[in-house]
Amino acid sequence: MKLGYDESGSGPVLLLAHGFPVDRNIWAGQLTGLSSLRRVIAPDLRGRGKSPAPSQDGWSIQDHADDLVETIEALDAGPVDLAGLSMGGYVAFALVRQRPDLVRSLILVSTRALQDPPEYQTGRKMTAERAERYGTRALAESMIDKLLTPRAPEAVRQQVLAMFDAVPGTTSARDSLAMRDRADLTSLLGSITVPTLVVEGAEEALLPAGSSSAMAAAISGAQMVCIPKAGHFAPIENPEAFNQAVEEFLNRVLRTSEEKHWPRRE
Ligand code: MLT
């Protein structure tokens, strides 16, 4: 399934996979701020915005990864710089496990390779039921303070809430169950060979403390950056600092691995 997306810029592709329960608009600041560096592509994962939901009961994180693979191939864009935010990071891990040839570098934002611990199972199911019944917006009350810091500008808060409004409840329900059932990819970390940047908001409130640094330590040569004045959704809460970290990383990738990972395109 080819996904709908927003894009800006030109050159090698930076593919941005959004988190839960939002859409491609979480990357608005990257579409504008990184377009001088890359062709930035921000797809909607299936079931929201510009991307249809296939007519099946549910889907998996691997299905999302397969959709991204099809999109990369349809655009003849690989190997790409791949960024995944939270659930988008789970998707990025699934993609890199299956098709490492399509990934030139990895940017892992507010995410983890560990699967959900057993005590999350009930919560995921309740989230799915709530979203299905009352819509994605019904998740905002319990989630928004974990995604943004208390000092996030009101405009940013409203942008995130608008995404909650736009994502169909059925889609969020399916995503919640897909996250619950995702594979544990911790063992993949040691086999990642592409340049990797791990990004965490300084005021992250959703991930267990220390999980990003442990993940970075498990990936050979990975660099970790902490984004000040930002929580889980750092790309939208502090886009300037986030973009600067990504830009520095991508410039380093370019310098160190152009020949190996960046085949020249005619
Ligand atoms: C996300 O931001 O994508 C989700 O909060 C991830 C999760 O619930 O595991």
Side-chain angles (χ1 to χ4, degrees), residues 16-27 30 42-49 51 59-65 67-68 82-95 107-132 136-149 152 156-157 159-164 166-169 171-186 198-201 203-209 211-212 214-215 227 230-238 242:
L16 305 172
H18 63 73
F20 169 89
V22 292
D23 60 24
R24 70 189 189 286
N25 293 305
I26 200 79
W27 300 113
Q30 287 63 53
D44 277 320
L45 297 179
R46 59 169 65 184
R48 79 212 78 203
S51 300
W59 54 64
S60 64
I61 293 295
Q62 186 63 51
D63 289 328
H64 282 315
D67 294 344
L68 287 185
L82 175 63
L85 168 64
S86 201
M87 180 180 76
Y90 310 155
V91 176
F93 281 127
L95 193 162
I107 301 169
L108 301 167
V109 189
S110 314
T111 194
R112 55 185 156 178
L114 269 178
Q115 68 188 155
D116 278 0
E119 61 270 23
Y120 277 32
Q121 300 278 314
T122 315
R124 293 289 196 197
K125 187 147 191 295
M126 281 165 55
T127 298
E129 283 166 2
R130 190 168 178 79
E132 185 85 57
T136 300
R137 179 61 183 254
L139 307 179
E141 200 187 326
S142 63
M143 283 194 80
I144 193 82
D145 291 337
K146 296 185 185 133
L147 302 176
L148 300 171
T149 71
V156 168
R157 193 167 293 269
Q159 274 174 282
V160 173
L161 290 174
M163 289 181 240
F164 275 68
V167 175
T171 291
S172 295
R174 290 170 174 183
D175 280 345
S176 187
L177 298 180
M179 290 192 288
R180 179 194 66 183
D181 297 336
R182 73 187 189 275
D184 191 312
L185 296 184
T186 316
V198 174
V199 184
E200 187 180 80
E203 295 171 60
E204 168 67 54
L206 205 65
L207 295 174
S211 71
S212 295
M215 184 171 74
I227 306 298
H232 194 67
F233 278 174
I236 198 168
E237 191 165 359
N238 192 346
F242 179 85

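Note that ligands are numbered from 1 as they come in the structure, with each ligand's atoms numbered from 1 the same way.
The protein heavy-atom contact nearest to atom 9 (O) of ligand 1 is Tyr90 OH, 2.5 Å. Among all non-hydrogen protein atoms, the one lying nearest atom 1 (C) of ligand 1 is Ser86 OG, 2.7 Å.
Counting heavy atoms closer than 4.0 Å to ligand 1, residue Leu206 contributes side-chain atoms (C-beta onward) but none from N, CA, C or O. Proximity of Arg124 to ligand 1, defined as any heavy-atom pair under 4.0 Å, is confined to the side chain (atoms from C-beta onward).
Contact of the Leu68 side chain with the Leu45 side chain is registered, since non-hydrogen atoms from C-beta on lie closer than 4.5 Å. By the 4.5 Å heavy-atom criterion applied to side chains, Arg130 and Ser142 are not counted as neighbours.
The ligand atoms of ligand 1 that sit less than 4.0 angstrom from a heavy atom of Met87 are 1 (C), 3 (O). When each atom of ligand 1 is checked for a heavy atom of Phe233 under 4.0 Å away, the hits are 2 (O). Atoms of ligand 1 lying under 4.0 Å from at least one heavy atom of His232, given by number and element, are 1 (C), 2 (O), 5 (O). Those atoms of ligand 1 with a heavy atom of Met179 less than 4.0 angstrom away are 6 (C), 7 (C), 8 (O), 9 (O). Heavy-atom proximity to Gly19, at under 4.0 Å, picks out these atoms of ligand 1: 3 (O).
Under the side-chain hydrogen bond (donor to acceptor under 3.5 Å, both in side chains) criterion, Arg24 pairs with Asp6, Asp44, not counting sequence neighbours. For the salt bridge (charged side-chain N to carboxylate O under 4.0 Å, His left out) test, no residue two or more places apart in sequence or in another chain qualifies with Lys146.
The distance criterion of under 3.5 Å between nitrogen or oxygen atoms is not met by Asp116 with respect to ligand 1.
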CA sep, side-chain torsions, deciding dist, call: Ser176, Thr127, side chain to side chain donor-acceptor pair (under 3.5 Å):
CA-CA 7 Å; Ser176 187; Thr127 298; 4.5 Å; no
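Side-chain polar atoms of Ser60 and Asp63 form a donor-acceptor pair below 3.5 angstrom.
The 12-atom threshold is not exceeded at CD of Glu141, counting heavy atoms of other residues, nucleotides or ligands nearer than 6.0 Å.
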